[in-house]
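Both backbone and side-chain heavy atoms feed into the values below; hydrogens, waters and symmetry mates do not.
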Protein chains: 2
Amino acid sequence: MLTERQRMILTAIVDDYIRSAEPVGSRSISKRGDVGYSPATIRNEMADLEELGFLEQPHTSAGRIPSHKGYRYYVDHLAPFNLLAPNEFKMMKAFFADKLNAIEQVVQHAGTILSHMTNYTSILLGPEVFHTSLRHFQLLPLGENTAVAIIVTSTGQVENKTVSIPPGVSVSEMEKVVNLLNRKLTGVPIYKLKSALYNEIGQEMQRHVEHFEELMNVLDEALDGGQDGQRLFLSGTTNMLNQPEFRDIDKVKSILDLFEETPTLMKMMISASTGTGIQVRIGTENDHEAFANCSLITATYAIEGEAVGTIGILGPTRMEYARVIGILDILSKDLTKFLSRLH
Amino acid sequence: MLTERQRMILTAIVDDYIRSAEPVGSRSISKRGDVGYSPATIRNEMADLEELGFLEQPHTSAGRIPSHKGYRYYVDHLAPFNLLAPNEFKMMKAFFADKLNAIEQVVQHAGTILSHMTNYTSILLGPEVFHTSLRHFQLLPLGENTAVAIIVTSTGQVENKTVSIPPGVSVSEMEKVVNLLNRKLTGVPIYKLKSALYNEIGQEMQRHVEHFEELMNVLDEALDGGQDGQRLFLSGTTNMLNQPEFRDIDKVKSILDLFEETPTLMKMMISASTGTGIQVRIGTENDHEAFANCSLITATYAIEGEAVGTIGILGPTRMEYARVIGILDILSKDLTKFLSRLH
DNA sequence: CGTTAGCACTCTAGTGCGTTGAGTGCTAAA
DNA sequence: TTTAGCACTCAACGCACTAGAGTGCTAACG
């Protein structure tokens, strides 16, 4: 569709614009060593590229900037997936060689590293509890009529919730039920817990326990808590303010506001990371209009071949795609390896 | 020190400036119904107040704005602690009448409400684990050589940490130790746990257990996790962007950057909330220069008379002191009541 | 026929300047 | 002691002008 020369010029423009954030003129392209054409020739090609929709002009007498379509073409066909600097590479490897830590801490820490390395905002979706199984369940009475329910999953994640105990239920009764639960349900996947609760041990409980109905409600409530599982970690949110395109308070505010809306962000991350490998959403390809001038690059990490979490980088559409994709690729694979080791 | 009329004029200026964020002129004060003097008279008083350091002038031909000293005087002597609107009051009460929830959820939710009601940023320090006691300890093996340690406190807070198990230690050995620990240490205040571990059950363990040294290290590591206890909750960080004094990206960036530095913020909150009651830190009274144009108002909440956490509101120095102080006062007392009920 | 030099044209960003208006300080009168 | 009046100050605004970067078009060149 594009000639070799057009591809070369488009690449040059995108690269330049990513670096400078200023419209790129024909003369500055011509002056680069790697393009052997005069400004006039380049002007002609640029006019063509604009007609094809790959470039835009802020106003008549300015240089060109890439359009969303231009970025998309760049990402799909042109971006040089240059490797990281060796010391950066080592840094990431060292991170996982570090001493063992709680899984969510690792994810959170990975987010910090990502945002520091890239100077963009990192958005990480913690490992989904969904695909892990029950390791241990516990119900600890606290006061007169409250108890804390604790669920530990096979990956060592701990979820807890305070529940209220109906009057009349004795401690020994509760213990009996909890024991039964641990005997019967350990190893059951979290997402099957509730149905297993009703189908497998419902009858047995009914036989042995006095306040069946009430206790069932308590368990129901307790297990509910464990299911909203996935956690969202943000890091480097203020990096957005460094970008020249977000010098405008109002633009930046709509983005930062969205950062506080965890559920919306979660949905975006989940919908962005369909399929395997690295996904790039450029500008308006994101569902939310606050991200119209942003690009979101995501990758998933997996346990036993099944994707359980997502890591992502959010930056301006004028983003260092090649670098970020390289980093995300490595980190997602390392996270996957790390999780398998733990499993 | 100040005449009655000066106090009245100072009050009027601070009130006006809080509302409008624009320098206040003599004429606009004079036009208010409650001040019966001409602009000229007020001008004279304003000149005096400026000389005394209560007011400042951005430039010669502008109105006056309160200085830090002016705000301080206003907060200490002039602010009308008007009550909240009845519906706001009800809203806050209703919040605590709500169904029982995990304690940290309550604190976090309180932060959300605070920031919404005030349109400022709320900073809450979660209940200190320090002053609670051990309710239950557990060590669950996960894989070959890892385990998750769980500590439940008397208030129902759950802390967990992944630890590595030295090779050679058997599951039954671990169980023995955990049982011993629960028997001997339940009810011991968290901050005494480590010393109690060594003094009270050190010898007994040594007698019964083979890998004493290694297990001691594991427990040490596990209990370490529980001690960094206090958690920081932020809400409404982007409200800062609404304030006209923070239209400047660079100013706002230094503030938002500080929001990401949890340890620094924690220290500030702790140092700000010495003593009981409500504390107000105006402008440069805050230790950090990013907050030079901000005021931080804090209050503590308590369990059994002992302060265990802090709630705070951060806004521009031009802050609705009266309103915010009123809200914080009510909320901190309600939180205290709520915690006692739980205890 | 593709490429390039030259040139007129366009448009933004920056600069300088006069005007406006809010607000002050001072003086003199009430 | 208070107030009216007046000259003065200074930021903000609008306007015209300029400089400069970049374009599109045409014609010449190899």
Query raised in the report: Is A:Thr41 near enough to C:dT4 that one of its side-chain N or O atoms lies under 4.0 angstrom from OP1 or OP2?
Result: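 So the side chain of A:Thr41 is within the cut-off, an N or O lying under 4.0 Å from OP1 or OP2 of C:dT4.
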Query raised in the report: Just to confirm, is there a sub-4.0 Å distance from OP1 or OP2 of D:dT23 to any side-chain nitrogen or oxygen of A:Arg64?
Result: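 Result: yes.
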Query raised in the report: CZ/B:Phe259 to OG/B:Ser254 distance, rounded to the nearest 0.5 angstrom?
Result: 10.0 Å
Establish, from distance only, whether the side-chain atoms of [X] and [Y] form a donor-acceptor pair under 3.5 Å.
X	Y	answer
B:Ser273	B:Thr298	no
B:Thr238	A:Asp257	yes
B:Thr118	B:Glu320	no

Query raised in the report: Is A:Ala40 touching bases, backbone alone, or none of the nucleic acid, heavy atoms closer than 4.0 Å?
Result: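 Base, at least one base heavy atom under 4.0 Å.
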Rounded distance in Å - [atom1] ([X]) to [atom2] ([N]):
X	N	atom1	atom2	answer
A:Ile65	C:dT12	CD1	P	14 Å
B:Gln6	D:dT1	CD	C1'	15 Å
A:Ile42	D:dG24	CD1	C1'	15 Å
B:Leu55	C:dG23	CG	P	15 Å
A:Glu45	C:dT4	CD	P	11 Å
B:Tyr37	D:dT1	OH	C1'	10 Å
A:Glu56	D:dG22	CD	C1'	17 Å
A:Asp48	C:dT3	CG	P	12 Å

Query - N/O donor-acceptor pair, side chain B:Arg43 with base D:dG5, under 3.5 angstrom - result: yes
Query raised in the report: So, is the end of the B:Lys69 side chain (NZ or CZ) under 6.0 Å from the ring centre of B:Phe54 and within 45° of the ring's axis?
Result: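 Here B:Lys69 passes the 6.0 Å and 45° test against B:Phe54.
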Query raised in the report: To the nearest 10 degrees, what angle separates the axes at the start and end of the helix from C:dC1-D:dG30 to C:dA30-D:dT1, five pairs each?
Result: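 That helix has its two terminal axes inclined by roughly 20°.
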Please tell me which of the listed nucleotides, [options], lies nearest to the side chain of [X]?
X	options	answer
B:Ser61	D:dC10, C:dT24, C:dT3	D:dC10
A:Asn44	C:dT4, C:dT24, C:dC11	C:dT4
A:Thr60	C:dT24, C:dC11, D:dT3	C:dC11

Query raised in the report: According to the interplanar angle, ranging from 0 to 90°, do the rings of B:Tyr71 and B:Tyr17 count as parallel (below 30°), tilted (30 to 60°) or perpendicular (above 60°)?
Result: tilted
**Report entry** Closest-nucleotide 5' rank along DNA chain D - winner of B:His59 and B:Ser38
**Finding:**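 On the 5' side of the pair lies B:Ser38.
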Requested in this report: Go through B:Glu22 and B:Asp16 one step at a time and tell me if the side-chain contact (heavy atoms from CB on, under 4.5 Å) criterion holds.
Outcome: CA-CA 8 Å; B:Glu22 311 239 305; B:Asp16 256 37; over 6 Å; no
Report task. Residues of residues 12-30 of chain A with any non-hydrogen atom less than 4.0 angstrom from an atom of DNA chain D: list those, numerically ordered, please. Result ->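 Those residues whose heavy atoms fall under 4.0 Å from DNA chain D, taken from residues 12-30 of chain A in numerical order, are A:Gly25, A:Ser26.
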Requested in this report: Side-chain contact test, heavy atoms from C-beta onward, threshold under 4.5 Å: evaluate it for B:Ile113 versus B:Leu331 and give yes or no.
Outcome: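 Answer no - side chains too far apart.
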Report task. Identify the residue among A:Thr310, A:Ile311, A:Thr274 that makes a side-chain contact (heavy atoms from CB on, under 4.5 Å) with A:Thr300. Result -> A:Thr310
Query raised in the report: So with a 6.0 Å cut-off around CZ of B:Arg72, is the heavy-atom count from everything else above 12?
Result: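 Buried by this count: over 12 neighbours within 6.0 Å.
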